Student: 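This structure is in structure tokens; I'll ask about it shortly.
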Amino acid sequence: MSAVVTAEPSYAEAGYTVRSWLLTTDHKRVAILYMLTITLMFFIGGAAATLMRLELLTPAGDLVDSASYNKLFTVHGVIMVFFFLIPSIPTVLGNFLVPLMIGARDLAFPKLNLASWYIFVFGSLFTLWAIVNGGVDTGWTFYTPYSTASSNTHVISTTLGIFIIGFSSILTGLNFIVTIHRMRAPGLTWFRLPLFIWSTYATSIILVLATPVLAITLVLVAIERVLRVGIFDPRLGGDPLLYQHLFWFYSHPAVYIMILPGMGVTSELITAFTRKRLFGYHFVALASIAIAVLGFLVWGHHMFVAGMSVHAALMFSILSYLVAIPSAIKVFNWTATLYKGTIEFRTPLLYALGFIGLFTIGGLTGLFLAALALDVHVTDTYFVVAHFHYIMVGGMVMAYMGGLHFWWPKISGRLYPEGWARLAALIIFVGFNLTFFPQYIVGYLGMPRRYHVYPDEFQVLNVMSTAGASILAVGYLLPLVYLLWSLRYGRPAGPNPWDATGLEWQTTSPPPPENFEQTPVVTEGAYAYPSRGAPHA
Amino acid sequence: MPERHAALAPQFDSLEQQHETATLGMWVFLATELMLFGALFTGYTVYRFLYPAGFAEGSHHLDVVLGTINTVVLITSSLTMALAVHGAQLGKRKALLGFLVLTILLGTAFMGIKAIEYTAHYREHLAPGLAFVYGGPNAREVELFFLFYFAMTGVHAIHLTIGIGVLTAVLLLAWRGHYSSEHHSQVELAGLYWHFVDIVWVFLLPLLYLFGRHQ
């Protein structure tokens, strides 16, 4: 146990009243507020998924009827995408770490940061109200004209909630961009930044440029629904494809909001537990920007079967293939970093390795979907469901869990129990694959998504999937228990339990409210681990 | 360590850094705004290509004279806003206050004229969803034109209203002597926002009022 470096109280001890938390402008406290909020959201979305998996245990619809099932998958999708995955790493780890990693006292606009959280909570209330009052059945995509003309469920209040939290996303992204540009410590040049900062920066660009398009699109949906006019409804002269274009112009970049931060976390974990500089640092850094830029040019691949000219479809297909290049650059560089590294199989590294493997599977199956002919065969089947769960859950949630464990000592000042944590990581990995790998097969065999009944021959694969989901649930509940336990009983961590580089490890755990006693001066790049043995690289 | 300026927030090292940071923040915000309007402009463009005749017909129902007067009013308000910022930079309190008041008045005049136009459309039953009665083969398409007209000018009007509110707050602070030649970021930021809202209108005028004229 290391001696207390400074007598100053940490951010967590700077005030114990509820008021001191709710009116805080400390980026670290705002991160904790977000963590509590999105954890709640995660378990609400998870409950909906549990009911869906239970229903799919048998081919007949014996637990819920089709109307309720429609509401379940909508709630699951809306909550998990907008209220958990998009905010997850940026608002929790990003808020906590961005100022620490660049040697700043806070974000550029601390009050705006707190306001983002309030906007998020305010928006969540609308959507939660809609769910409690009977739900919504359009799917998370709100396709028109079903959402504007046919659905009798709470479309307006749900989309209003998403509209409102959009501003929270925009303000968070804006805050990060400005902070990274203007608040870096002396000597911290762009190519000395940790890769988590690069990926957060790329994510923020998407948040700022894509979210307003979704906002105005949802406003148009609400206008059409309330005023009964034809913006998207073809019976009234509207164009339903325009809705899909506008929706995916946001929602495809949003998919990269749900993976880029995970890539940033993975880069941090891999370097810390191989004790090596990241192989091809510049390429990995710029690949994040490339993914953000390309992400804006590929939305059409969600609409190959919706009606689109062959030329447009070809362009979107080729552009979608291009995304594989920066993604592969990252995977190869992470793998090359492991090579001849001094590897320590701590829990965060287990998650990072899980991320690399599952992201690779999810990414490669994405290429199936970018291929025009294959896409026609698997559109709207469980193959698609499996693909994006490998990216979003296998990728992003794995990275979030890995990051949470890695920085838990910094956030809480305590170590989590390593044995339990490794066990949970293993359970999550096994449960995840058992849940979603059968879905690739059942989807390829032709089982469509969003149905509560299915032919008998698909039952074995569905039972495997439901069994996997039960294991996954245990894997997610374990960290909830032992992380809370560690707050009181965990061993004190000391400033740098992993002996990692990075400015966040140079201050106390948990850090004081203004982060550093003196503004650090940076003289070398990120990941300057002392080389051991013969100089290989 | 030199004494910190009273207006310097704790996370910054100098007023200069604070000013640069705030300015960048406003530019990033304007990028977001651009995408917000961009989605509406895209929708408008799609339907204008789908229904050229109906959109031209709809455009004929707009009052070009009022639209032009409003354009002059708004561009003049950009000039007075720029002069207010200039006054702030030189630390001339009277110029700052005077030009801020002028800008607010011009902005309010714009909103007044817009309200007159909206009322006229409503009386002529050209308000989709509320009161829309229109004869002729292109009725649906004219309705769609007016829908976009109201959506685009409406979102613009909301932005202008927010701008008037912001300028009023800046005016109150300026009245209390909050700004000096070395500290007036808020005036400049309000100015950036104001100019952005004006520029959007400069695009709305030809798209909505003028394009039907030469067909």
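Chain A is the first sequence line, chain B the second, and so forth, proteins listed ahead of strands; every chain is numbered from 1. Note that the structure is a prediction, hence the values are computed from the model and not measured.
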Student: Of the backbone (N, CA, C, O) and the side chain (C-beta and beyond), which part of Leu144(B) lies under 4.5 Å from a heavy atom of chain A, both, or neither?
Tutor: side chain

Student: Say whether, by atom type as modelled, one donor and one acceptor occur between the side chain of Tyr47(B) and the main chain of Gly238(A) under 3.5 angstrom.
Tutor: no

Student: To the nearest 0.5 angstrom, please state how far the CD1 atom of Ile177(A) sits from the CZ atom of Phe29(B).
Tutor: 13.0 Å

Student: Does any part of the side chain of Leu174(A), heavy atoms only, come nearer than 4.5 Å to the side chain of Thr32(B), both counted from C-beta?
Tutor: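 Sidechains of Leu174(A) and Thr32(B): no contact.
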
Student: Taking the side chain from Gln11(B) and the backbone from Ala108(A), do they hold a donor-acceptor pair closer than 3.5 Å?
Tutor: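 Checking the backbone N and O of Ala108(A) against the side chain of Gln11(B), a donor-acceptor pair under 3.5 Å is found.
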
Student: Between Leu209(A) and chain B, which part of the residue has a heavy atom less than 4.5 Å away: side chain, backbone, both or neither?
Tutor: both

Student: Could you measure the distance from the CG atom of Asp106(A) to the CZ atom of Phe12(B)? Nearest 0.5 Å is fine.
Tutor: 9.5 Å

Student: For the OH atom on Tyr118(A), are there more than 12 heavy atoms of other groups (residues, nucleotides or ligands in this structure) within a distance under 6.0 Å?
Tutor: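 It does: Tyr118(A) OH has more than 12 such atoms within range.
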
Student: Do you know which of Ala210(A), Pro99(A), Gly173(A), Pro110(A) has the most heavy-atom pairs with chain B at a distance under 4.5 angstrom?
Tutor: Pro110(A)

Student: Do you know which of Arg228(A), Glu514(A), His245(A), Met183(A) has the most heavy-atom pairs with chain B at a distance under 4.5 angstrom?
Tutor: Met183(A)

Student: Counting heavy-atom pairs under 4.5 Å with chain B, which one of Leu246(A), Ile231(A), Leu214(A), Thr217(A) comes out on top?
Tutor: Ile231(A)

Student: Would the number of heavy atoms belonging to other residues, nucleotides or ligands and lying under 6.0 Å from NE2 of His86(B) be above 12?
Tutor: no

Student: Pick one of side chain, backbone, both or neither for Phe37(B), based on which atoms fall under 4.5 Å of a heavy atom in chain A.
Tutor: neither

Student: Between Leu24(B), Thr21(B), Val28(B), which has the largest tally of heavy atom pairs under 4.5 Å with chain A?
Tutor: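 Of Leu24(B), Thr21(B), Val28(B), Thr21(B) has the most heavy-atom pairs under 4.5 Å with chain A.
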
Student: Can you name the residues of residues 188-197 of chain B that have some heavy atom under 4.5 Å away from a heavy atom in chain A?
Tutor: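 The list, in residue order, is empty: none.
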
Student: If you round to the nearest 0.5 Å, how far is CG of Leu227(A) from CZ of Phe150(B)?
Tutor: 11.0 Å

Student: Atom CH2 of residue position Trp175(B) - does it have more than 12 heavy atoms of other residues, nucleotides or ligands inside 6.0 Å?
Tutor: no

Student: Heavy atoms only, distances under 4.5 angstrom: which of Ala215(A), Ala104(A), Gly237(A), Pro212(A) has the most pairs with chain B? Name it, please.
Tutor: Pro212(A)

Student: Tell me, side chain or backbone of Leu207(A) under 4.5 Å from chain B's heavy atoms, or both, or neither?
Tutor: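 Neither part, no heavy atoms under 4.5 Å.
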
Student: Assess whether a salt bridge exists between Arg182(A) and Asp13(B), defined as any Lys/Arg side-chain N lying under 4.0 Å from an Asp/Glu carboxylate O.
Tutor: no

Student: Picking from Val155(B), Val46(B), Thr42(B), Leu147(B), which has the most non-hydrogen pairs under 4.5 angstrom with chain A?
Tutor: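 Result: the option with the highest number of such pairs is Leu147(B).
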
Student: Identify which part of Glu20(B) has an atom lying under 4.5 Å from any heavy atom of chain A, answering side chain, backbone, both or neither.
Tutor: both

Student: Out of curiosity, Ile216(A) CD1 to Met35(B) CE, how far, rounded to the nearest 0.5 Å?
Tutor: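 Going from the CD1 atom of Ile216(A) to the CE atom of Met35(B) covers 12.0 Å.
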
Student: For the candidates Leu242(A), Val213(A), Val178(A), which exhibits the highest count of non-hydrogen atom pairs separated by less than 4.5 Å from chain B?
Tutor: Val178(A)

Student: I need the minimum non-hydrogen distance between Val229(A) and Pro128(B), along with the two atoms involved.
Tutor: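 Closest approach of Val229(A) to Pro128(B): CG1-CB, 4.0 Å.
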
Student: Measure distances from Leu236(A) to the heavy atoms of chain B and classify the residue's part below 4.5 Å as side chain, backbone, both or neither.
Tutor: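 Both parts, backbone and side chain.
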
Student: Between Tyr250(A) and chain B, with a heavy-atom cut-off of 4.5 Å, which part of the residue counts as in contact: side chain, backbone, both or neither?
Tutor: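 For Tyr250(A), there is no contact with chain B at all, as no heavy atom is under 4.5 Å.
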
